[in-house]
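Have a look at the structure below, then the notes.
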Amino acid sequence: TGCESTRTKITININPTPLSPTVRDTTYCNNTNADTLKAIPLSSHSLYWYGINSTGGTPSAFGSKPNTSVLGSFNYYVSQKNNTTGCESSRAKIIVIINPLPLAPFVKDTSYCNNAISDTLRVNATSGSTLLWYGNNATGGTGNSIAIKPITTSVGTAMYYVSQIITASGCEGPRSKISVTTKPIPSAPAISRDSANNLVANINGIIWFKDGLAISDTTQKFKPSIAGSYTAKTTQNGCISPMSSPYYYLVTNVINFNNDEFIKLAPNPFFNQINLDFNVKGYQKLNVDVFELTTGNRVFSRQGLNAGMPISLGKLSPGTYIINITSNDNKIVQQFKILKL
């Protein structure tokens, strides 16, 4: 018929597209535990996560969790949807960087002798990295930038641990183990004299001393050519023992120089007094030093004695003593073993 009806009104609302959610780029170290990524939606909006899909893909309400097993830079995407209008924003990009870990530091085991003064352990960090020390903690503990100084008061082996951290990324690598061995100090050698008049130490690795000064002989057994006070130390596993008790290698009690020259001490044994008699051309006075045989301590000393002068030793305890007779120019050096009753 061509007849037209009245008009019906259709209202169309054009709602605004939300802004993309607020995001923040982040970094992780290789093979560390990663948190789910976070974004801040507008009020009355919900987040839609698309993983690594910049377009397409199926959204999820759960945040993406980065894979830190692969090094590199990766992009993750998230949008937000208005809960009232259903309008979805464009996707925001989150850049996630997975940084490498440094290698474990190169270390070297070391050792000390018991109660030796130790030095701080020395390890070189790679370029761009710093060290973290963990004491005896193979795992856990709190890292410290101050190097460890081993304790040497107890014999045995201790383990110390150190890692390195890349300064720019803050990524920390595996820990290296340093073994520090504290070795025992060997006992002082015991010195004896055999039937062939050799001085014999009860252990090898010997350093011999005469009158406190090291001499060239280093064998376990040797025959001194000069009378004197002999001691020894031994070196075992790089550790030096205390000094042995002194052993006095003696000569005869009467020294004959020529037909009419001599040095003599009498009586021997004695009670309180001993007499020094001598006749040596060019020498009017001699010096006397008395030492305990067992300890090596000097207990009496007198300079410039004339021949025939008595030496009063009544204050000494009964026992065996060594008397050194010397001249001021040290051209005369003689030694006697005496017994005080």
Side-chain angles (χ1 to χ4, degrees), residues 29-32 100-191 199 201-220 222 229-247 295-297:
C29 298
N30 188 209
N31 291 322
T32 57
L101 301 181
L103 298 175
F106 176 77
V107 299
K108 186 178 181 180
D109 296 337
T110 188
S111 62
Y112 289 96
C113 298
N114 190 206
N115 291 319
I117 298 174
S118 63
D119 197 1
T120 51
L121 297 177
R122 300 183 184 277
V123 176
N124 292 324
T126 56
S127 178
S129 298
T130 56
L131 298 175
L132 285 177
W133 295 88
Y134 286 90
N136 304 116
N137 298 303
T139 59
T142 302
N144 196 314
S145 61
I146 300 175
I148 295 170
K149 191 172 185 179
I151 298 173
T152 63
T153 54
S154 298
V155 173
T157 300
M159 305 299 178
Y160 298 93
Y161 295 88
V162 61
S163 69
Q164 57 183 345
I165 185 169
I166 297 175
T167 305
S169 67
C171 292
E172 182 179 358
R175 301 179 190 182
S176 294
K177 178 176 68 175
I178 305 174
S179 175
V180 178
T181 301
T182 301
K183 299 177 291 186
I185 300 296
S187 300
I191 302 175
L199 288 184
N202 67 334
I203 195 170
N204 57 11
I206 290 296
I207 303 172
W208 290 98
F209 297 81
K210 178 185 179 295
D211 299 326
L213 299 177
I215 59 178
S216 59
D217 292 278
T218 57
T219 57
Q220 190 173 356
F222 88 107
S229 174
Y230 287 86
T231 51
K233 293 182 179 181
T234 181
T235 301
Q236 304 293 327
N237 295 319
C239 296
I240 301 175
S241 73
M243 188 74 78
S244 70
S245 298
Y247 191 100
T295 66
N297 293 331

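In this chain, residues are counted from 1 in sequence order. Excluded from the calculations below are hydrogen atoms, water molecules and symmetry mates; all remaining heavy atoms, backbone and side chain alike, are included.
Between the Trp208 side chain and the Gln220 main chain, no donor and acceptor come within less than 3.5 Å of each other. Under the 3.5 Å distance criterion, the side-chain polar atoms of Arg175 are matched with a main-chain donor or acceptor of Asn137. Remark: the backbone N or O of Ile178 is not paired with any side-chain donor or acceptor of Asp109 at under 3.5 angstrom.
The shortest non-hydrogen separation linking Ala188 to Pro242 is CB-O, 3.5 Å. Residues Leu132 and Ser145 share a closest heavy-atom pair of CD2-N, 4.4 Å. In plain terms, the two heavy atoms of Gly173 and Ser163 that are nearest each other are O-CB, 3.6 Å. Across Gly143 and Tyr134, no two heavy atoms sit closer than the pair N-CE2, 3.2 Å. The heavy-atom pair separating Pro189 from Ala232 by the smallest distance is CD-O, 3.6 Å.
Legend: disulfide bond (SG atoms under 2.5 Å apart) pairs involving residues 110-186, not counting sequence neighbours, sorted by first then second residue: Cys29-Cys171, Cys113-Cys239.
Contacts of Ser111 classified as side chain to side chain donor-acceptor pair (under 3.5 Å), with partners at least two apart in sequence or in another chain: none. Looking at residues two or more places apart in sequence or on another chain, you find no salt bridge (Lys or Arg N to Asp or Glu O under 4.0 Å) involving Asp211.
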*asked:* Test side-chain contact (heavy atoms from CB on, under 4.5 Å) on Lys183 and Tyr112; report intermediate values, then the result.
replied: CA-CA 6 Å; Lys183 299 177 291 186; Tyr112 289 96; over 6 Å; no
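Side-chain contact check for Gln236 and Ser241: no donor-acceptor pair (N or O, by modelled atom type) lies under 3.5 Å. With no hydrogens or angles considered, a side-chain donor-acceptor pair links Thr181 and Thr157 at under 3.5 Å.
Not less than 6.0 angstrom separates the ring centroid of Tyr160 from the ring centroid of Trp133.
With Pro184 as reference, Val155 is the one residue of Val155, Asn114, Asn237 to meet the side chain to side chain contact (heavy atoms under 4.5 Å, CB included) rule.
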